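Predicted, not measured: the structure shown is a model, and the values here were computed from it. Count residues from 1 along the sequence.
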Amino acid sequence: MCFLFGIPFQFKLGFLHPIMTLWIWVFPILMCACLLERNSIREQQIIIGYNMILLIVIIVATIKAMQIFPNIMRMMTSGATEATLAASMSKINVGGFGIAYGCGAILLTLTALLVNSDNIRGITKLMLVSGIGICGFIVFKAQFTTLLGLCVIGIALILYMSLDSPGLKILCVIVALFLLTATQPLLHFAIEIYQGTQVAEHLQDLYVSWFEGEQYHSYRNEYFLNGLNLFLKSPILGIDTTTPENHFAYIASHSTVLGVAIRSGLIGCICYFYSYWLAAKDKIQECPSPERTRIYVPLIAYFLVLSIMNPTESDVFNYCVGFISLAIASLLTKQNNDTEETLEE
């Protein structure tokens, strides 16, 4: 009922409510679950391979476009880009936000599989390494500061979770603390690498704020706080966003989690993400406990944190997370476990 009515109990058009449309991105997860339920390895390999080819087509088209527009993925995302240019790029399969953050999810999945699956060898291992290289290139070239940070933290989390020895984990924490003390030169180094791009501008703002004591104004942070204040006016059932002031605060919040919470309250926000869990939990729980934690926790954390920091309603992004990443992880962990059982026999 919280989706049908909101403060002040105005009818929200039921399943025509804009929040409901976000649920269409649960469909890739359900597609993946149905595919895996058939339990045909050959069928899974063919379908996943076909989808990876489609993904590579988009990546190749995007890389070609980078030769003319180095920041094409940001341009495809920005509302300031000329509509005719964005449309022409879309027609030739050039990607933007969705392909960039989708590649980030696949990068973390492939890295987790490579690090935590002992029996992946030969051509499969070569394909994993190649996929990591391609997705890593896209992440590096995409010029999204949030994406870079999430991928670095995600890979660090994967490496930390893969360590079995307490001593190695302590050493890993010490190295992380050392890197934190070296934040200033590392940030300066990153600014030099991305010199002349929007990433460099964002990093320069952080550098000035952290190390030179100057405060810089961020409209994005301001809009996020405005959205948060709007949510706090009615945190349980949500608030009416049809008024001009409320609508702008809702749209400008730039966050899927905050947007759902504003319109449908805490109850709606919990239901929204619980629907993702219901769709994916059976396939995730099939994976043995240690591997499940090491492979899926970084991916789930990536999705949740990104949903807080950005809008994640991109069809390509959700397809990469909900179908390709889950399907690859499920297929390869199953093959890895089958290999282990064969070796034990």
Side-chain angles (χ1 to χ4, degrees), residues 1-27 29 74 77-80 96-98 101 104-105 144-147 149-150 153 198 202 205-206 209-210 214-281 300-315 317-318 321-322:
M1 291 300 293
C2 68
F3 286 103
L4 298 177
F5 299 96
I7 303 300
F9 297 102
Q10 293 181 333
F11 187 59
K12 288 188 174 181
L13 302 180
F15 279 94
L16 297 179
H17 186 292
I19 295 302
M20 288 298 185
T21 64
L22 298 182
W23 266 345
I24 65 174
W25 310 133
V26 176
F27 291 170
I29 299 178
R74 288 199 70 95
T77 305
S78 172
F97 172 93
Y101 282 90
F144 291 107
T145 315
T146 303
L147 173 62
L150 286 178
I153 294 172
Q198 199 158 358
H202 292 166
D205 288 338
L206 289 176
S209 177
W210 290 354
E214 297 181 19
Q215 296 297 320
Y216 69 96
H217 183 266
S218 171
Y219 285 106
R220 184 165 167 180
N221 292 341
E222 179 183 334
Y223 292 151
F224 185 89
L225 291 175
N226 290 341
L228 185 60
N229 290 331
L230 185 62
F231 158 71
L232 292 175
K233 291 181 179 179
S234 178
I236 305 301
L237 292 176
I239 197 167
D240 173 31
T241 58
T242 58
T243 63
E245 182 181 357
N246 289 352
H247 184 72
F248 179 78
Y250 161 69
I251 294 296
S253 62
H254 200 71
S255 165
T256 290
V257 171
L258 187 54
V260 174
I262 288 171
R263 299 202 71 161
S264 296
L266 282 175
I267 299 175
C269 197
I270 292 171
C271 292
Y272 172 67
F273 284 103
Y274 188 59
S275 66
Y276 277 92
W277 173 245
L278 286 177
K281 70 172 184 176
I300 293 172
Y302 174 85
F303 177 77
L304 290 176
V305 174
L306 184 58
S307 296
I308 295 172
M309 302 179 71
N310 282 280
T312 50
E313 298 89 85
S314 163
D315 52 351
F317 168 73
N318 283 274
V321 175

* Structure fact -> Correct closest heavy-atom pair for L147 and G104 would be CD1-CA, 4.1 Å
* Structure fact -> In short, S253 meets G227 closest at the heavy-atom pair CB-CA, 4.4 Å
* Could you check I308 against L258 for side-chain contact (heavy atoms from CB on, under 4.5 Å), going step by step and ending with a plain yes or no? => CA-CA 7 Å; I308 295 172; L258 187 54; over 6 Å; no
* Of all residues at least two apart in sequence or in a different chain, which pass the ring-ring contact (aromatic ring centres under 6.0 Å, His included) check with F224? -> none
* To do: Please name all residues satisfying ring-ring contact (aromatic ring centres under 6.0 Å, His included) with Y302, sequence neighbours left out, ordered by chain then number.
  =>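 With neighbours one apart ignored, the set is empty.
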For the atom pair [atom1] ([X]) and [atom2] ([Y]), what is the distance rounded to the nearest 0.5 Å?
| X | Y | atom1 | atom2 | result |
| --- | --- | --- | --- | --- |
| I239 | Y250 | CD1 | OH | 13.0 Å |
| K233 | I262 | NZ | CD1 | 10.5 Å |
| S255 | F231 | OG | CZ | 11.0 Å |

* **Side chains of S307 and F303 in contact at under 4.5 Å (non-hydrogen atoms)** =>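 The answer is yes; the side chains approach within 4.5 Å.
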* Listed partners of N310 passing side chain to side chain contact (heavy atoms under 4.5 Å, CB included), at least two apart -> F97, Y101, T146, R220, H254, L306
